[in-house]
Amino acid sequence: PGNAKDTGEITDVTYENILIDHATQWAIWIGPQQAIYGGACSLAWPYLPGSKCPVPSEITWSNILLRNITVRHPSTSPGVILGNATNPIKNLVFDNVKVTNAGLLPWGNSYKCENALGQATGGTDPVPSCFK
């Protein structure tokens with residue numbers, strides 16, 4: 001949101017049976033959009049020192065399912081999952097989400113994962129660190 005009064009909701013979303021091969025950007029991104037307007041998640045984040053990726057508390061993410069997703073040879077780490085500390089992502093499920101041969105930057109073979117209430121099933125690998 002560009003205005004403090006704005007709100008948004010992303011709810012009841014399923015991504016299923018997807019193959020992503022040699023992604024040059026983030027293969028999996030669940031969180032605030034990257035943009036160039038003030039207060040947004042910087043397009044340069046996390047690579048440019050001092051860049052930030054704030055997560056608005058006014059946005060609600062819930063009931064998001066990724067099922068049977070294969071990511072092969074992404075140029076970056078597996079992905080980004082960013083919720084807000086006071087309004088975390090709720091009921092995020094990775095079912096058989098597999099990333100192979102991920103790039104080393106910026107977090108190695110790990111997701112950037114904060115403020116998400118999620119679970120991994122079906123052989124998901126790697127499992128996001130903030131999941132149960």
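Predicted, not measured: the structure shown is a model, and the values here were computed from it. Values reported hereafter were calculated over all heavy atoms of this structure, with side chains retained and with hydrogens, waters and symmetry mates removed.
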K.L.:
Honestly curious: do L92 and I10 fall in one hydrophobic cluster under the side-chain, below-4.5 Å linking rule?
P.N.:
yes
K.L.:
Could you pull out the closest heavy-atom pair between A102 and P78, with the gap in Å?
P.N.:
CB-CD, 4.0 Å
K.L.:
Does any pair with a residue in residues 32-43 pass salt bridge (Lys or Arg N to Asp or Glu O under 4.0 Å), and if so which ones, sequence neighbours excluded?
P.N.:
none
K.L.:
Taking transitive links into account, so neighbours of neighbours count too, which hydrophobic residues share a cluster with L19 at under 4.5 Å side-chain distance?
P.N.:
none
K.L.:
Between the side chains of T14 and E16, does any donor sit under 3.5 Å from an acceptor?
P.N.:
no
K.L.:
Quick one: list whatever passes salt bridge (charged side-chain N to carboxylate O under 4.0 Å, His left out) with D21, sequence neighbours left out.
P.N.:
R72
K.L.:
Applying the side chain to side chain contact (heavy atoms under 4.5 Å, CB included) criterion to L82, which one of C130, P32, P54 satisfies it?
P.N.:
P32
K.L.:
With a 4.5 Å cut-off on side-chain heavy-atom distances among I, L, V, M, F, W and Y, is there a chain of contacts connecting Y111 to V13?
P.N.:
yes
K.L.:
Under the disulfide (SG to SG under 2.5 Å) rule, what pairs show up with a residue in residues 29-66, not counting sequence neighbours?
P.N.:
C41-C53
K.L.:
Please check if W107 and I81 belong to a single hydrophobic cluster, counting links between Ile, Leu, Val, Met, Phe, Trp and Tyr side chain heavy atoms closer than 4.5 Å.
P.N.:
yes
K.L.:
Closest heavy-atom contact between N87 and I59?
P.N.:
ND2-O, 3.0 Å
K.L.:
Would you mind writing out the side-chain donor-acceptor pairs for residues 112-127 within the sub-3.5 Å range, not counting sequence neighbours?
P.N.:
from: K112; atom 1: NZ; to: E114; atom 2: OE2; distance (Å): 2.9
from: N115; atom 1: ND2; to: G83; atom 2: O; distance (Å): 3.2
from: T121; atom 1: OG1; to: D95; atom 2: OD1; distance (Å): 3.2
from: T124; atom 1: OG1; to: F94; atom 2: O; distance (Å): 3.0
from: T124; atom 1: OG1; to: N96; atom 2: N; distance (Å): 3.2
from: T124; atom 1: OG1; to: V97; atom 2: N; distance (Å): 3.2
from: T124; atom 1: OG1; to: T121; atom 2: O; distance (Å): 2.8

K.L.:
For G108, is there any backbone N or O sitting under 3.5 Å from a side-chain donor or acceptor partner on S77?
P.N.:
yes
K.L.:
Answer yes if the side chains of S62 and T11 hold a donor-acceptor pair under 3.5 Å, and no otherwise.
P.N.:
yes
K.L.:
May I ask you to check whether over 12 heavy atoms, not counting those of E9, lie within 6.0 Å of atom CD?
P.N.:
yes
K.L.:
Quick one: salt bridge (Lys or Arg N to Asp or Glu O under 4.0 Å) pairs with a partner in residues 75-89, sequence neighbours left out?
P.N.:
none
K.L.:
Do V99 and F131 share a hydrophobic cluster (ILVMFWY, side-chain heavy atoms under 4.5 Å, transitive)?
P.N.:
yes
K.L.:
Decide yes or no on side chain to side chain contact (heavy atoms under 4.5 Å, CB included) for I36 and L43, but give the supporting numbers first.
P.N.:
CA-CA 7 Å; I36 57 172; L43 292 170; 3.2 Å; yes
K.L.:
Could you check whether atom OH of Y47 has more than 12 heavy atoms from other residues, nucleotides or ligands sitting under 6.0 Å from it?
P.N.:
yes
K.L.:
Taking the six-membered ring for Trp, are W26 and W45 parallel (under 30°), tilted (30 to 60°) or perpendicular (over 60°)?
P.N.:
tilted
K.L.:
For I69 versus Y15, what's the shortest heavy-atom pair and its separation?
P.N.:
CD1-O, 3.7 Å
K.L.:
Are V71 and I18 grouped together when hydrophobic residues (ILVMFWY) are joined by side-chain heavy atoms under 4.5 angstrom apart?
P.N.:
yes
